[in-house]
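This report refers to the structure that appears directly beneath it.
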2 protein chains.
Amino acid sequence: MGLAPSVQRLPTTFPLDEILVGDCIASMNSLPPSSVDCVFADPPYNLQLGDAGLLRPDQSRVDAVDDDWDKFATFEAYDAFTRAWLTAARRVMKPNATLWVIGSYHNIFRVGSALQDLGFWILNDIVWRKANPMPNFRGKRFTNAHETLIWASRSAESKGYTFHYDALKGGNEDLQMRSDWFIPLCTGEERLKGADGQKVHPTQKPEALLARTLLSATNPGDVVLDPFFGTGTTGAVARRLGRRFIGCERDTVYADAARRRIDAVVPLSTAALTIATPKRAEPRIPFLSVLEAGHLRAGETLTDDRRRFKATVRPDGNLSVGPVQGSIHKVGALVQGLPACNGWTFWHAERGGRLVVIDDFRSAYRSANAAAE
Amino acid sequence: MGLAPSVQRLPTTFPLDEILVGDCIASMNSLPPSSVDCVFADPPYNLQLGDAGLLRPDQSRVDAVDDDWDKFATFEAYDAFTRAWLTAARRVMKPNATLWVIGSYHNIFRVGSALQDLGFWILNDIVWRKANPMPNFRGKRFTNAHETLIWASRSAESKGYTFHYDALKGGNEDLQMRSDWFIPLCTGEERLKGADGQKVHPTQKPEALLARTLLSATNPGDVVLDPFFGTGTTGAVARRLGRRFIGCERDTVYADAARRRIDAVVPLSTAALTIATPKRAEPRIPFLSVLEAGHLRAGETLTDDRRRFKATVRPDGNLSVGPVQGSIHKVGALVQGLPACNGWTFWHAERGGRLVVIDDFRSAYRSANAAAE
DNA sequence: TGCCTGGCTGAATCTCTCC
DNA sequence: AGGAGAGATTCAGCCAGGC
């Protein structure tokens with residue numbers, strides 16, 4: 001009770017693509033700090049502590065409590081458990097790593113409050129809208145047709161987190177991906193069944209849900225930690241998508257099923273996984289270089305797409321309007337009377353009677369010099 | 001503790017259909033206990049916006065919620081405020097009354113935890129999916145396209161709460177009403193404007209949202225209390241639907257606007273109290289969803305109907321041709337050298353030696369999920 | 001009268017690098 | 001650490017005005 005285990009199994013090497021069998025907090029504490037890129041957690045929802053076998057942070061077992069006076073203690077125990085695993089997870093997260101947690105109204109408010117208290121910074125809450133939820137049989141409530149995910153960075157100062165905005169937008173009819181995701185439950189072939197034909201795990205999540213989280217918030221090769229690995233959906237999807245995983249699972253039946261499941265996954269080819277470089281990550285090209293490469297001529301006139309404004313290209317890579325000179329951005333802002341302007345997409349040159357945005361010249365320059373960059 | 005207050009200011013008459021101007025906690029404490037059938041609360045969200053302000057891509061400024069009433073120094077201060085008003089509200093609730101609270105990820109986890117701690121019993125969390133949310137202008141997160149409502153009874157023992165299961169089902173194509181509601185923002189005619197043409201209140205809620213809550217969880221003649229009355233959406237809908245209201249509002253400008261608004265409302269006849277289901281255009285289906293549903297595989301090759309062009313399906317729902325990636329529409333346009341292209345009718349997959357247009361997969365997806373989308 | 005276009009707006013925790 | 005500058009970034013709905 002309350003004492004640390006006398007023997008602690010520390011991995012000699014970083015346990016990539018492995019399942020650590022045992023208490024998730026001890027397992028996470030055995031990892032070096034700042035070592036994972038992403039955490040996906042599907043913690044116990046259930047507040048009926050006797051059934052869930054919930055453990056306190058000190059590893060003692062919480063006894064079932066059904067007295068009214070102990071209701072507060074029940075939430076308190078769940079909160080302590082939540083703070084403990086969130087704290088352990090936060091330690092192993094790299095500064096720009098992000099955390100995903102999924103839950104329902106039974107527990108998600110506790111989890112959300114706890115992670116805010118610990119300094120996590122919520123980026124979005126995501127609603128998983130179930131295509132085929134279980135109906136409410138007694139007609140006493142609305143059909144509980146969704147679960148909630150919280151996506152959070154390690155702290156408010158963590159601005160460099162991974163988010164594949166363009167990839168998500170491209171897969172969504174060229175519209176920004178919203179915070180409400182419509183995805184079917186995990187059923188049929190995908191659902192793991194035991195020899196008895198019964199489902200192995202009561203709350204197996206659909207791979208599509210994990211895939212969307214990992215595609216949006218991790219890069220190929222990134223390490224994803226799942227403290228409540230269960231039957232390994234996170235690991236299976238990570239392997240398929242070329243990510244690495246570390247799973248923690250206490251139950252050997254689940255862990256064994258997860259291991260077999262993941263070993264059978266065929267990863268997608270590296271070629272299928274290479275992602276388009278996000279705009280912000282592309283190398284900066286000076287306007288002067290594009291000019292020097294001959295895409296434009298010093299002295300020629302640029303206009304906006306509706307030919308309302310004009311500017312002249314100077315040999316030094318500035319623009320001028322009358323006596324005023326400045327960068328393509330400064331001058332673009334100036335003529336419009338706006339505080340800022342992206343000159344690359346604002347200014348156009350005439351080519352064969354048609355207006356061509358100068359960003360096209362930059363693209364051409366980039367592809368011509370891709371090898372050298 | 002446990003003693004009745006020595007002096008209780010009881011209103012000489014119960015303030016039905018009135019707005020109590022002042023602090024909501026004092027106002028609620030002036031009401032007799034166990035006197036209202038329902039509480040609807042839209043408390044401050046504690047948004048914690050940056051000082052810099054947010055610009056749209058066209059450099060116009062977003063009119064953010066920067067009112068003093070939304071500012072709290074710490075989470076602790078917000079939690080104390082939340083516990084205080086929830087406690088006051090719970091006292092005036094009849095044993096079988098229910099509480100609705102609306103919030104966003106900034107505050108809803110605090111509110112949910114607090115009300116659980118105080119003994120409320122959560123019946124559902126409801127997601128208000130916004131038809132027309134504000135986009136994420138910087139491309140750094142998912143579009144924040146929903147808000148969350150919590151529906152709770154006064155305690156776990158309150159089994160006799162009102163829920164009009166059949167009425168809601170009848171208004172929902174004879175399907176059980178789900179926990180995700182698709183409703184537009186409050187704009188246009190419905191949005192209250194001042195003499196200056198500016199919105200009177202920064203966060204006025206749509207009447208459709210209130211109507212659905214009151215129709216589902218109250219009876220005609222029931223008393224609905226709103227501690228954060230604002231410009232009186234709760235009162236206006238209550239009056240229209242034949243319910244009674246009590247509003248608390250600190251700001252006299254809001255309270256005056258609410259009074260005028262509610263006085264202009266014409267109550268519906270009893271027979272007319274049915275739920276209008278909003279008509280919608282066919283929902284847009286993301287290619288990613290069709291992929292996730294298993295109609296296509298990541299890595300497989302698509303072609304046009306004459307096999308002139310090829311593209312590879314990416315796991316994120318984009319297509320790629322060589323190094324270029326983009327949506328099915330963008331890549332379709334690119335390979336043809338056209339300004340635009342409908343990817344759904346352009347691209348085909350090989351199935352059993354024959355080409356199948358991917359629009360067929362979309363149709364199959366649509367009919368499989370018609371009920372929920 | 002009707003159609004089309006352009007402008008405006010909504011509870012938002014909304015950049016990154018270099019000097 | 002703070003400031004300056006490059007340059008990346010938006011969707012649906014309503015309304016007014018022009019044709």
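Just so it is clear, the values below take in all heavy atoms, side chains as well, and ignore hydrogens, waters and symmetry mates. Below, chains carry the letters A, B, ... as their sequence lines are ordered, and counting in each starts from 1.
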Between [atom2] on [N] and [atom1] on [X], what's the gap in Å once rounded to a whole number?
| X | N | atom1 | atom2 | result |
| --- | --- | --- | --- | --- |
| A:Lys279 | D:dG7 | NZ | P | 13 Å |
| A:Arg280 | C:dC16 | CZ | C1' | 8 Å |
| A:Trp344 | D:dA6 | CH2 | P | 11 Å |
| B:Lys71 | C:dA11 | NZ | P | 16 Å |
| B:Asn136 | D:dT10 | CG | P | 9 Å |
| A:Lys159 | D:dA8 | NZ | C1' | 16 Å |
| A:Leu288 | D:dA6 | CG | P | 14 Å |
| A:Asn318 | D:dG5 | CG | P | 13 Å |

Inset, instruction - May I ask which nucleotide in the shown strands pairs with C:dA12, Watson-Crick or G-U wobble, both distances under 3.5 Å? - result: none

Legend entry - Paired nucleotide for D:dG7 [Watson-Crick or G-U wobble; both distances under 3.5 Å]: none

Give [X] one of three labels, base, sugar-phosphate or nothing, depending on what nucleic acid heavy atoms sit under 4.0 Å from its own.
| X | answer |
| --- | --- |
| B:Pro43 | base |
| B:Trp69 | base |
| B:Leu55 | nothing |
| A:Arg178 | nothing |
| B:Gly53 | base |
| A:Ala340 | base |
| B:Ala64 | base |
| B:Asp42 | base |
| B:Leu54 | base |
| A:Ser327 | sugar-phosphate |
| B:Ser104 | nothing |

Distance between [atom1] atoms of [N] and [M] (Å, rounded):
| N | M | atom1 | answer |
| --- | --- | --- | --- |
| D:dT9 | C:dC8 | P | 23 Å |
| D:dG7 | C:dG10 | C1' | 26 Å |
| C:dA11 | D:dC15 | C1' | 23 Å |
| C:dG6 | D:dT10 | C1' | 16 Å |

Legend entry - Nucleotide nearest A:Arg284 when distance is taken to its side chain, options C:dA12, D:dA6, C:dG10: D:dA6

Inset, instruction - Between D:dG7, C:dA11, C:dA12, spot the one nearest the side chain of B:Arg138, thanks. - result: D:dG7

Legend entry - Rounded distance (nearest 0.5 Å) linking atom NZ of B:Lys330 with atom CG of A:Asp174: 4.0 Å

Inset, instruction - First locate atom CZ of A:Phe287, then atom CZ of A:Phe361, and finally report the distance between them rounded to the nearest 0.5 Å. - result: 9.0 Å

Taking only the side-chain nitrogens and oxygens of [X], find out if one of them lies under 4.0 Å from OP1 or OP2 of [N].
| X | N | result |
| --- | --- | --- |
| A:Asn342 | D:dA8 | yes |
| A:Tyr165 | D:dT10 | yes |
| A:Lys330 | D:dG7 | no |
| A:Lys169 | D:dT10 | yes |
| A:His329 | D:dG7 | yes |

Inset, instruction - Answer yes or no for B:Arg212 and B:Trp181: cation-pi contact, defined as NZ/CZ to six-membered ring centre under 6.0 Å and angle to ring axis within 45°. - result: yes

Inset, instruction - Specify whether A:Trp151 and A:Tyr161 have parallel, tilted or perpendicular ring planes, treating 30° as the upper limit for parallel and 60° as the lower limit for perpendicular. - result: perpendicular

Legend entry - Parallel, tilted or perpendicular: ring planes of B:Phe229 versus B:Phe245, cut at 30 and 60 degrees: parallel

Inset, instruction - Using heavy atoms to find the nearest nucleotide of DNA chain C for A:Asn124 and B:Arg56 separately, return the residue whose nucleotide is more 5′. - result: B:Arg56

Inset, instruction - Assign each of B:Lys199 and B:Gly139 to its nearest nucleotide of DNA chain C by heavy atoms, then name whichever residue's nucleotide is nearer the 5' end. - result: B:Lys199

Inset, instruction - Classify the side chain of B:Arg191 and the base of D:dG13 as holding, or not holding, a donor-acceptor pair under 3.5 Å. - result: no

Legend entry - Earlier contact from the 5' end, DNA chain D, for A:Gly343 and A:Leu175: A:Gly343

Legend entry - Residue mapping more 5' on DNA chain D - nearest nucleotide basis, B:Asp58 or B:Thr187: B:Asp58

Inset, instruction - Compute whether any side-chain donor of one residue and acceptor of the other, for A:His146 and A:Asp180, lie under 3.5 angstrom apart. - result: no

Inset, instruction - Taking atom types as modelled, find out whether A:Ser179 and B:Arg141 have a side-chain donor-acceptor pair closer than 3.5 angstrom. - result: no

Inset, instruction - Check step by step if side chain to side chain contact (heavy atoms under 4.5 Å, CB included) holds for B:Tyr365 and B:Ser289. - result: CA-CA 8 Å; B:Tyr365 179 92; B:Ser289 294; 3.6 Å; yes

